[in-house]
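In the text below, chain A, chain B and the rest are named by the order of the sequence lines, each starting its count at 1. Basis for what follows: all heavy atoms, side chains included, without hydrogens, waters or symmetry-related copies.
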2 protein chains.
Amino acid sequence: MQKSDSTLDNRAARPRGRPRAFDRARALAAATRLFWAKGYEATSIADLTEAMGIGAPSLYAAFGAKDALYAEALRYYEATYEHLVWGRFRTASTARDAVTAYLLDSAAVLTGGPDDHPLGCMVTLSAVGSEGHAELGEMVRKARAVTLQRLEACLSAAVATGELPASTDVHGQARLIQAIQAGMSILARDGASRDELEAVARRAVAGWGAGF
Amino acid sequence: MQKSDSTLDNRAARPRGRPRAFDRARALAAATRLFWAKGYEATSIADLTEAMGIGAPSLYAAFGAKDALYAEALRYYEATYEHLVWGRFRTASTARDAVTAYLLDSAAVLTGGPDDHPLGCMVTLSAVGSEGHAELGEMVRKARAVTLQRLEACLSAAVATGELPASTDVHGQARLIQAIQAGMSILARDGASRDELEAVARRAVAGWGAGF
DNA sequence: TCTATTTTGTAATGATCGATATGGAAATTG
DNA sequence: CAATTTCCATATCGATCATTACAAAATAGA
């Protein structure tokens, strides 16, 4: 994957010339925050170079193009924040606990989380793709589709174990949870507090079992 | 308000010069659909003039500027589609019927409705304001806030009439309904069908009373 | 018909967009 | 040391952005 594994063999494939003066990962994090807060179209190269602390040639040398940088920022976003939202979901012992944890942890992350990142979900609120960038639009649409698949898998497993009755409409219930979590992103963007979103999450699972 | 009432006296205040060649209301409707589908930033004047079938000078003569046109499009959107979503909500006799109607009618409108307008809600999915247009951002934020106020008023009235217990957390329940409806916009934008969203709506109110 | 008034289409404005070319300074390897 | 490679700043590219001169065209009242 990588050209060199610096922790094991940083001598062999070390390039010849002047080393890169900026921290690529830190620059990518800055770009991610900017895309996250402003969206793809509204974020200009000038905005990016200023936030990343580098010049335009360095940006293009390191990331290729604006859409490639966005794609990488999206992967960085998922790699960095995915476990904060889905970690307890995966280790929960019941579907109800999993969904509860998913919504509660979403409430925390969407409103700022541990660091003070932008509000809302970068994937959920992204409107890229509606303006011509079809490939980027497909990326975020697929990322949004993963949510539904995970919820359906969780609920299907709960049906298999008997936690939920066999008559459960797995797809419909997953769609409802997906809608609630997506809606929480919009409320967070408009300034809803973490407490408010946690109340939404708890209220959403309070009716657990009513519609199965 | 108007300079002339054309239905009663269309002879007196007829302007002097060359008459406008295009239908202003139809042009505004076209602009609204474009802003609705693509958002403010991604919609260019060239896009607008092409969709409206007019030249740029005509657009500026009739609407002033791009942000003024967007503001007018937003008012047109609300005036045209508001009653499709909130009509049965207002005339319902119980809060439960009102919320059910609100979510079911939202499902219909968000997925295309009677005409085949863009998917999702123009107000909910709008990201304008995060890129410098503060006044437009305030407009859409206020429009989103109206949803919460109406839901809270409905639930408060239901508490007063005894339909809901006095211990009801009106604000929290309104937030949940708001989140569900907002999330339905995002699902609709990604292609969820009307049937799917109606199922979400029905499932959302199936647990009615569990969290009060 | 004549003139005043308003809209029209064409084309141009300056600004900014994403993306590159240039070029000298800096840093690492051999 | 020399060679190499990347750095950054600046300047520039064509394209597109929102906006507007400009003059022809079309209608009203005279």
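Distance CG (A:L59) to C1' (D:dT6): 15 Å, rounded to an integer number of Å. Nucleotide C:dC17 holds its P atom 13 Å from the OH atom of A:Y40, rounded to whole Å. Atom CD of A:E50 is separated from atom P of C:dC17 by 12 Å (rounded to the nearest Å).
By the side-chain contact (heavy atoms from CB on, under 4.5 Å) test, A:A29 pairs with A:Y76, sequence neighbours left out. Under the side-chain contact (heavy atoms from CB on, under 4.5 Å) criterion, A:A65 pairs with A:D67, not counting sequence neighbours. Here A:A37 pairs with A:P118 under the side-chain contact (heavy atoms from CB on, under 4.5 Å) rule; sequence neighbours left out. Here B:S185 pairs with nothing under the side chain to side chain donor-acceptor pair (under 3.5 Å) rule; sequence neighbours left out.
Within residues 24-36 of chain A, no residue has a heavy atom under 4.0 Å from DNA chain D.
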*Evaluate the criterion salt bridge (Lys or Arg N to Asp or Glu O under 4.0 Å) for residue pair B:R88 and B:D97; output intermediate values, then yes/no.*
CA-CA 9 Å; B:R88 291 205 297 161; B:D97 286 349; over 6 Å; no
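Between B:Y60 and D:dT19 there is a side-chain polar atom (N or O) within less than 4.0 angstrom of OP1 or OP2.
Contacts classified as salt bridge (charged side-chain N to carboxylate O under 4.0 Å, His left out) and involving residues 179-197 of chain B (residues at least two apart or in different chains) are given here: A:R144-B:D190, A:R175-B:E196, B:R194-B:E198. Pairs passing the side chain to side chain donor-acceptor pair (under 3.5 Å) check and including a residue from residues 31-40 of chain B, sequence neighbours excluded, read B:K38-B:D47. Screening residues 17-29 of chain B for side chain to side chain donor-acceptor pair (under 3.5 Å) gives B:R24-B:E72 as the qualifying pairs, with residues at least two apart or on separate chains.
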*With the sugar-phosphate defined as primed atoms, P, OP1 and OP2, and the base as all remaining atoms, what B/S/- string results for nucleotides 7-17 of chain D, 5' to 3', for protein heavy atoms under 4.0 Å?*
BSBB------S
